[in-house]
Amino acid sequence: TYYALKKYIKGEEFGSNDVKSIYIDQSLGKVFVGTHAGGLSVIDKKTGHVQHCDNHTKNDVRNIYAIEKADENHLWIGTLKGLKRYDIRTKSFEDATDIYSNPISDVSIRSIITDSKGRLWVGGEDGVILIRVTDNGDCNITRMEALDNVFVQSIYESSTNRIWIASRQGLFCVNENDWSLTRYSC
């Protein structure tokens, strides 16, 4: 079934119809929509108004494949050119290299989740990166070497707090006791 979204929204159009990710912020009443080649758009759920957050000076935020809440005022944005942070108040993007001393740039990101322990899992064309921010603001980045060169499509945390990783090479479940992986495939 195909629905013409233009019938239901007011204001600007999306930057692209190739929608790759959505994040719904119930507290703000906003739907954040990430697109390929069109950047970020925001729908106000109450009014239906769409605002396209076009940032012509930053081509690296035109391809948004993942969106995750960072904190009350920020979203993590996964792009084909690395991890960015979007400031909801100022409507501006910041590169992760400007936030943390350990950069995550030039990594093609397809999935981002924050797990129940507050860790950020970032998946993409080159596997999985786990980001832990310490109480003093330092950033510890760990690459899951067992998943190097695995094209990760999606990361999910189950109700039992197990991390599942969907990829082009099958489904993986992470055993956090020893960081081993169980692979499920055809």
Side-chain angles (χ1 to χ4, degrees), residues 14-25 28 30-43 51-133 139-158 163-169 171-172 174:
F14 293 149
S16 165
N17 282 327
D18 190 359
V19 175
K20 297 297 183 183
S21 59
I22 61 170
Y23 177 79
I24 300 171
D25 190 315
L28 293 176
K30 307 269 187 208
V31 178
F32 295 87
V33 180
T35 66
H36 177 80
L40 183 68
S41 294
V42 183
I43 304 170
Q51 179 182 10
H52 180 62
C53 304
D54 195 4
N55 189 342
H56 291 292
T57 62
K58 294 265 189 179
N59 275 340
D60 54 352
V61 295
R62 305 273 308 147
N63 298 301
I64 296 175
Y65 279 62
I67 305 171
E68 174 71 15
K69 186 84 164 188
D71 59 42
E72 184 178 303
N73 298 311
H74 299 94
L75 297 173
W76 287 116
I77 304 291
T79 74
L80 296 182
K81 301 253 183 177
L83 184 65
K84 314 298 178 197
R85 188 171 71 173
Y86 178 72
D87 189 316
I88 296 169
R89 295 166 299 167
T90 64
K91 299 176 176 61
S92 62
F93 292 91
E94 215 177 350
D95 196 283
T97 57
D98 298 333
I99 303 164
Y100 299 118
S101 59
N102 286 326
I104 306 168
S105 59
D106 295 328
V107 176
S108 181
I109 297 172
R110 303 297 173 135
S111 182
I112 305 171
I113 68 160
T114 303
D115 70 12
S116 56
K117 297 177 183 172
R119 300 172 300 190
L120 194 66
W121 294 77
V122 179
E125 292 181 17
D126 297 320
V128 174
I129 297 169
L130 180 61
I131 303 169
R132 290 171 274 212
V133 179
C139 179
N140 295 324
I141 297 175
T142 305
R143 176 176 292 282
M144 294 191 71
E145 292 179 11
L147 292 172
D148 277 355
N149 301 315
V150 172
F151 193 117
V152 173
Q153 303 278 29
S154 180
I155 304 173
Y156 175 78
E157 183 178 23
S158 71
I163 300 296
W164 292 87
I165 299 167
S167 78
R168 289 185 177 170
Q169 289 84 1
L171 180 65
F172 297 88
V174 179

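Along the sequence shown, the residues carry numbers beginning at 1. Keep in mind that what you see is a predicted model, and the values were worked out from it rather than measured.
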Colleague: Any heavy-atom pair between the side chains of K91 and Y86 that's under 4.5 Å?
Modeller: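 They are in side-chain contact.
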Colleague: To the nearest 0.5 Å, what is the distance between CZ (F172) and OG (S167)?
Modeller: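 With rounding to 0.5 Å, CZ (F172) is 4.5 Å from OG (S167).
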Colleague: Would you say the side-chain atoms of N63 pair up with the backbone N or O of H36, donor to acceptor, closer than 3.5 Å?
Modeller: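 Not confirmed, N63 side chain does not pair with H36 backbone.
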Colleague: Say whether, by atom type as modelled, one donor and one acceptor occur between the side chain of E68 and the main chain of T114 under 3.5 angstrom.
Modeller: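 Flag set: sc E68 to bb T114 pair under 3.5 Å.
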Colleague: For S16 and R62, what are the C-alpha separation, side-chain angles and deciding distance, and is it a side chain to side chain donor-acceptor pair (under 3.5 Å)?
Modeller: CA-CA 10 Å; S16 165; R62 305 273 308 147; over 6 Å; no
Colleague: For the residue pair I131 and C139, establish whether any side-chain heavy-atom pair is separated by less than 4.5 Å.
Modeller: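 Touching, per the 4.5 Å side-chain cut-off.
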Colleague: Report yes if the side chains of D60 and D95 come closer than 4.5 Å at any heavy-atom pair, otherwise no.
Modeller: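 A side-chain contact under 4.5 Å exists here.
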Colleague: Considering residues, nucleotides and ligands other than D148, do more than 12 of their heavy atoms fall under 6.0 Å from its CG?
Modeller: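 Atom CG in D148 is packed in, count exceeds 12.
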Colleague: Where the side chain of E157 meets the backbone of S116, is there a donor-acceptor pair that is under 3.5 Å apart?
Modeller: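 Between the backbone of S116 and the side chain of E157 there is a qualifying donor-acceptor contact (under 3.5 Å).
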Colleague: Under a 4.0 Å threshold between the charged nitrogen and the carboxylate oxygen, would K20 count as salt-bridged to D18?
Modeller: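 Yes, charged N to carboxylate O under 4.0 Å.
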Colleague: To the nearest 0.5 Å, tell me how far L75 CG sits from F32 CZ.
Modeller: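 Between atom CG of L75 and atom CZ of F32 there are 5.0 Å.
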Colleague: Do side-chain atoms of S111 reach the backbone of I155 as a donor and acceptor pair under 3.5 angstrom?
Modeller: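 A pair under 3.5 Å: yes.
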Colleague: Under a 4.5 Å cut-off applied to non-hydrogen side-chain atoms, are W121 and M144 in contact?
Modeller: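 In contact.
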Colleague: Taking C-beta and beyond as the side chain, do T79 and I109 meet within less than 4.5 Å on heavy atoms?
Modeller: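 Counting from C-beta outward, T79 and I109 never come under 4.5 Å.
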Colleague: Taking the side chain as everything from C-beta on, heavy atoms only, tell me whether H74 gets closer than 4.5 Å to I88.
Modeller: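 Side-chain contact under 4.5 Å: no.
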